[in-house]
2 protein chains.
Amino acid sequence: MEQAHPDGHLAHLRGLLSAYMAKKGLRSTEQRRVIVERFFESPAHITIEELLAVVRSADPRVGYATVYRTLKLLAECGVAVERRFGDGVTRYEVANDDHHHDHLICVECGTISEFEEPAIEALQEEVARRHGFAVKSHKHELYGTCAACQARAKRR
Amino acid sequence: MEQAHPDGHLAHLRGLLSAYMAKKGLRSTEQRRVIVERFFESPAHITIEELLAVVRSADPRVGYATVYRTLKLLAECGVAVERRFGDGVTRYEVANDDHHHDHLICVECGTISEFEEPAIEALQEEVARRHGFAVKSHKHELYGTCAACQARAKRR
DNA sequence: CTCATTGCAAATAATTTGCATGTAA
DNA sequence: TTACATGCAAATTATTTGCAATGAG
């Protein structure tokens, strides 16, 4: 939607991944390639189960442990970001270093949307400074009801 | 540390609990009383396992399912707050409605400290408003290294 | 050829639940 | 007495791991 270089971005991530694999002596296999490509095409906040379904539609023989292992690998090398919201499942999104964001989670319909607020990030750094704390990452999630669910509730 | 009415606060929570139990027809048992009292004396962010150990030192016959069930009950009626940080265990703290806070989690030593920043809360409400989203609760956690761990790292 | 990788099933780990027995009210 | 509560063990859920077979380099 507001992607400046859609292909350049994925190309960069592919580079990251192969550099990491080369450094670690890891191998490029058919299932890793399928999983990674499908992941790149997936909407944000996909679960392992959802991704497995998509991957199996391309190759039914892929085991679910392989999807877990591959996404862990992608997370390790910075190609994927792991997210855990309140519902017990881990979700993944394609990394985008210069465009990190936080989340609004609708407790009615489960829709997850994103927001960015530089002023919050700045204040958060300020808080950390007061505590002598060096922030590596953060999680900021707002749980509540989205506009659509509020409208639906009002309508009845 | 900055508690205005330390006893009044617990008294209020005890009131909440017994009102809830009365409304639901629940019973006051020996194990519930022990668990609740020990919980009130515990430091913030205690885990079920930690609390179970303390409870068993008072009464070795308490089962761990009872601790789970009792803390779930406390969370339902607003006496306890459930927190899940990245490590897979659920932690609990005694509720304090007029003093909610967020967390700094040290990824080195695991220490969890707290912060309050009204300006962040305000901005967060502003973000929600822009999205037509009604916030019910939120989670704001900073992961990184605490002052002590940074000092320890520098020292070597 | 060698060693990483895979699929499967079994193992974990935290939490939940079924059920016979115990016990508040 | 009448359900609610408890303790235990078994069930669940998401994820991880051991291992023999497979396949990349």
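Within every chain, numbering begins at 1; the chains are lettered A, B, ... in the order of the sequence lines, protein sequences first and strands thereafter. What you see below is based on every heavy atom in this structure, not just the backbone, and it leaves out hydrogens, waters and symmetry mates.
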For B:H45 and B:E114, does a side-chain donor sit closer than 3.5 Å to a side-chain acceptor? yes
List for me each residue that meets side-chain hydrogen bond (donor to acceptor under 3.5 Å, both in side chains) alongside B:D87, sequence neighbours excluded, and say none if there are none. B:R91
Just so I know, are the side chains of B:L74 and B:L71 near enough to count as touching, which here means a heavy-atom distance under 4.5 Å? yes
When all nucleic acid strands are considered with a 4.0 Å heavy-atom cut-off, which category describes B:E49: base, sugar-phosphate, or nothing? nothing
At a 4.0 Å cut-off to heavy atoms of chain A, the contacted part of DNA chain C spans C:dC3 to C:dA10
Please list, in numerical order, the residues of residues 64-94 of chain A that have a heavy atom closer than 4.0 Å to any atom of DNA chain C. A:Y64, A:A65, A:T66, A:R69
Partner set under side chain to side chain contact (heavy atoms under 4.5 Å, CB included) for A:V107, not counting sequence neighbours: A:Y143, A:T145, B:K136
For the pair B:K72 and B:E76, find out whether any cationic side-chain nitrogen is under 4.0 Å from an anionic carboxylate oxygen. no
Can you tell me if A:E49 has over 12 outside heavy atoms packed within less than 6.0 Å of its CD? no
The contact string for nucleotides 20-25 of chain D, one letter per nucleotide 5' to 3', using protein heavy atoms under 4.0 Å with B, S and - for base, sugar-phosphate only and none, comes out as ---BBS
Can you list the residues that meet the side-chain hydrogen bond (donor to acceptor under 3.5 Å, both in side chains) rule with B:E30, with sequence neighbours excluded? B:R33
Indicate whether the side chain of A:E117 and that of A:H140 have a donor and an acceptor atom separated by less than 3.5 Å. no
Under 3.5 Å, is there a donor-acceptor pair between the B:D102 and B:H138 side chains? yes
Around atom CZ of A:R61, are there more than 12 heavy atoms from other residues, nucleotides or ligands closer than 6.0 Å? no
